[in-house]
There are 2 protein chains.
Amino acid sequence: MPFGYNGKILRVDLSNKEISVDEPDEHFYRTYGGGSCLGAYYLLKELEPAVDPLSPENLLIFTGSVVTGAPAPGFSRSAIVSKSPLTGAIGESQAGGFFGSELKFAGYDAIVVKGKAEKPVYLSIRDGEVEIKEAAHLWGETTGETQAIIREELADERIVVTVIGQAGENLVRYACVLNNLKSAYGRMGMGAVMGSKNLKAVAVRGHKEVEMKDKDTVLRLAKRFSTNFKAESPDNDGLNDLGTAQYVMGQNEDGQLPTRNFQTGTMEGAENLYGQKMKETILVGRDGCYACPVRCKRVVKAADPFPVDPSYGGPEYETLAMLGSSCGVDDLVAVCKANELCNKYGLDTISTGGSIAFAMECYENGIITKEDTQGVELRFGNAKAMLEMVEKITRREGIGDILAEGVKRAAEKFGAGAEKFAIHVKGQEFPAHMPRAKGQLVLSYALSPLGADHLVSEHDPAFTPGAPSFFSDRVKPLGIQEPLEMRSIDYKKVRRFLYFQNVFSLLDTLTICFFTFAPVRYFTFDELVELVNAITDWQTSLWELLKLGERRIAMFRAFNVREGFTSEDDWLPERMFEPIRTGPREGQKVDKEELKKAIKLYYEMAGWDADGVPTKGKLAELDLFWIADELAKHGKFER
Amino acid sequence: MPFGYNGKILRVDLSNKEISVDEPDEHFYRTYGGGSCLGAYYLLKELEPAVDPLSPENLLIFTGSVVTGAPAPGFSRSAIVSKSPLTGAIGESQAGGFFGSELKFAGYDAIVVKGKAEKPVYLSIRDGEVEIKEAAHLWGETTGETQAIIREELADERIVVTVIGQAGENLVRYACVLNNLKSAYGRMGMGAVMGSKNLKAVAVRGHKEVEMKDKDTVLRLAKRFSTNFKAESPDNDGLNDLGTAQYVMGQNEDGQLPTRNFQTGTMEGAENLYGQKMKETILVGRDGCYACPVRCKRVVKAADPFPVDPSYGGPEYETLAMLGSSCGVDDLVAVCKANELCNKYGLDTISTGGSIAFAMECYENGIITKEDTQGVELRFGNAKAMLEMVEKITRREGIGDILAEGVKRAAEKFGAGAEKFAIHVKGQEFPAHMPRAKGQLVLSYALSPLGADHLVSEHDPAFTPGAPSFFSDRVKPLGIQEPLEMRSIDYKKVRRFLYFQNVFSLLDTLTICFFTFAPVRYFTFDELVELVNAITDWQTSLWELLKLGERRIAMFRAFNVREGFTSEDDWLPERMFEPIRTGPREGQKVDKEELKKAIKLYYEMAGWDADGVPTKGKLAELDLFWIADELAKHGKFER
């Protein structure tokens, strides 16, 4: 029999304990690929609109892709996809580590979970043997304890456990999910969805070899990466040496380090949060993902002023900025402690930091008082207060119960004046990058169906001083022939944004790591196509693959349209139109009229109508005519 | 110095005899490539709207592409691009043979001609030495005589001469241009534009080797083609054996052979026009293009009942159908004679046949009489009358003066009732393919900016019984995963049409032969990309190349919009909505409502507004924002 990609998708209904398997054909896999594109397929097909994301009806999809599990750097990742309790829109979050590849070794591309278990359970998947197991004894436990108990129960020290902590159980709207305690599916509240289903964990172990058409090619390219990544990609070398914490100082020096809830982009004391400082003081190890030599994850250990448990790794750049500088905190150990707590309780460090910084600014402006904070002096720079808030949010205690809802809902609760400090798009808190400094981020944050998301498209060049420029000849196969001004959002920038959005969306669909591929950091486009072909034998092309990326965006958009989102939701918080207050970028702001023009142009480029709805023609072009029918059922395309 | 594609474009102003050279940069060549995409660039930049195509202001562009002249099959072609005197829209025509490659050997990608010589001239280009030479003595001569005299004058028996005959001099609106007497730039009246400029010929000889980054790869793929084309492509083997005349019987048996001005698709006696018959009777040779082993061109010789001169080759399928079956003529030698005359005088055999068949139907229906035809019994099947008309049209004598204007204008002259026999789109007569039998042709004819054109997109499968199916795995890299019903014009067909339109438009832009590439007949998409890279060192991708194809269509459309064309011009002649009268496809017709829906969907897929105007966003996406500015100057995008 000729080689052909034959995947399996596990279906689990927790309400009635039914387990089954989908075996889609090649057309399906070439059309939806994996990741959140595959996830969006199930959500659009099987979820009615307007369902409460925390109700049993919501679907929860754990998914790798057709290439996941191949022994090449960047191919171990997986996504969790669901309707987000934070935004009410399509939700996804990705993580590296070992879950995606392990699920593949067990024989599955994805798990589609629906319903709600009567009592807490966890899923055990061992080489195709799938069990729904009781987890009452795990409810209330930390992620670490849960993982340890499950490994003991299943008598398998190496089983990969994807788990929620107390934050997920307590339905914190930005609760996260972790695998191996260090790889977080951070954003959009996937942990709360798990919690709402009484699903404490998914444990996976497999021994099946991933089938590949041409293993030699995969191994050849993987080996080249492993041998040469330091020489060929200085940025990846930096990731190994300092982790994403390498970016702190560049961001700060360029006035792009979110500080005090995005008031400004520079903080005195930022050097205390820098990767170099971490390396010199508390770094005790580096960790990584299946088949990747970069090992960009940090492992830190400290005793003073806070004990930090190395089992939970160490902070990323995002965490250092959002729980550090954005809260005005420059105490590295405090931020590492906050990181440990977030991973232990299962909280997204970005939204947690964003929510705390928001509350701090409200406090400093008298919108909330010490009474509201149960006595906490919630000021920028107060590291202890920041840590206290992490605890309160997890337990939904006092003000924590409000902050657990995210800044959008919290601002509504806090009332007059709070809204202007709520730095979010579509309900999702900003990650640690400053649109006022980078045109592509303006477009990413305003236009992503996921809300404020920094991994939508490439960042503008000069991401950090000294980092490799993205204006390399390697982007020319995309049809991009010239460098552009960093802050511009003119038609050329919109085009570049759109094209790179398709690239990033493709990588999300294939659940491939951005650090190995995007934007062509290490592997070239040719090599990406070569790898996909070597694994699947599809003889695909960059054309077909980029259409896969474009398809995912259109599906996301269609999902949101069905949920009632409109073009009015494609906008930035007011602070972005106010000048940065200090530092090298003092005075820089986003221009509203330019943004309006850019959004209109983007809709046209993307094939969306003036309301931001994908046209019937665009959906048909993407082989998604069934979604046009679906939108028509909900009143679209009546003209 | 690293290898880089460095092309030159020759500029000739015949009014003031100025000669200069453009040397565009890489960005230009990657954006416009060559062929009619490059031609459209000059037309949009330098030609004002509403200019009479036969006035000195019109531009006339002879152009290969960045890959032309490489020693690989299919890479010798060139295009002539101009505002068409037949349609008033963008005009282009392509030919094989030796002109495109020879121009490259002389150092140029293209020649952009403007103005009008005071007296007849011809251009001589010898290894970069460019001269405007007197041609008063050539005016009134046939193509063959002109070529012979120029070769003698320049003392070069092998110089490639591209030339018009008396039809071009007399401004017949569908006069063609020929190189080496057998390769016709047939359609859209490029010969009339040459005539209007007093430009009788362009003679080119060069000895420069085409620069290639990786000659070995080009030679390797070319050699594989040359060694294996018979084994790997039965269709190309048939092209060698029988020429395009191989298609006559398949078309007839399937009810698709245009007969008596498209009244039906089957003709008794069609076997007399078949390639096999030609081979067994009058075929004396096969001819071809630079570096191609297929040799699909015919050479025929006859004495009785008409003497046929082999210097002018032999008829293609199009000619056999349009001057044969569509005129009701089944006399092979008569059609070969008509072919000889058309090549000798420089007439497009398709529009000539279409105009004569139109007149025949008018005659049979009493719309015109023997008085109007100067005594010719202009009935279907009258071979002598058909030949007589070729002479009259060339000399614009009597009724020939009216038919020389094309069927659209002739119908206006003939008056009431004639319009329904004028089988054209946008003023261009139908080629020999039946939209009522093939959905893709419905879309091609209705939507092409060039008017009725059969080389816009793939034809539906079962082009002829026994020909290789286009539903091969080779189309999957385009994102097309399933076979479709032949006559359908539903959303799936529109999508397939659009995607293949980009492929064909790419081949037109690169002036590559459809018979070697489209749709992936012999070379694969991967090999096409490999060849372009081996020649240019661009490290391009199928994505970038298909965008080049899409860009050409958008530029064509923008040109037409500027000239006042609207969505109303995207339609078919009434006959297409009437049932085919006899044969295996009796009763088949195009559905008007379905066509309206398909056109609306196509506009949306293509990124055009409801009026068929490319949106500002689509133009920006294609790196054509300057055209949006140009259209805005002409009142578009005011909303």
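Quick note on labels: first sequence line is chain A, next is B, and so on, each numbered from 1.
- Heavy-atom neighbours of A:E26 CD from other residues, nucleotides or ligands within 6.0 Å: above the threshold of 12.
- Between chain A and the options B:K547, B:K618, B:K492, heavy-atom pairs under 4.5 Å are most frequent for B:K547.
- For chain A, the option among B:K616, B:R30, B:H27 with the highest count of heavy-atom pairs below 4.5 Å is B:R30.
- The line from NZ of B:K476 to CD of A:E544 is 9.0 Å long, rounded to the nearest 0.5 Å.
- To the nearest 0.5 Å, atoms CG (A:D629) and OH (B:Y491) are separated by 7.0 Å.
- Contact tally against chain B (heavy-atom pairs below 4.5 Å) for A:V529, A:D623, A:L545: the top residue is A:D623.
- Other residues, nucleotides and ligands contribute at most 12 non-hydrogen atoms within 6.0 Å of the CD atom of B:Q539.
- Legend: residues meeting ring pair (Phe, Tyr, Trp, His ring centres under 6.0 Å) with B:W538, ordered by chain and number and at least two apart, are absent.
- For the atom pair CZ of A:R495 and CG of B:L622, the computed distance is 7.5 Å after rounding to the nearest 0.5 Å.
- Across every non-hydrogen atom of B:P477 and A:S541, the tightest pair is O-OG, 2.6 Å.
- One distance of note links OG1 of A:T615 with CG of B:D609; it measures 12.0 Å at 0.5 Å rounding.
- When the candidates A:V494, A:T540, A:L546 are compared by the number of heavy-atom contacts under 4.5 Å with chain B, A:L546 comes out ahead.
- A search for side chain to side chain donor-acceptor pair (under 3.5 Å) contacts involving B:Y499 returns A:E621, not counting sequence neighbours.
- Proximity to chain A (any heavy atom under 4.5 Å) is shown, for B:L601, by both the backbone and the side chain.
- If you tally non-hydrogen atom pairs under 4.5 Å between each of B:G617, B:G479, B:A620 and chain A, the highest count goes to B:G617.
- Distance alone, capped at 3.5 Å, is enough to place a donor-acceptor pair between the A:W543 side chain and the B:L478 backbone.
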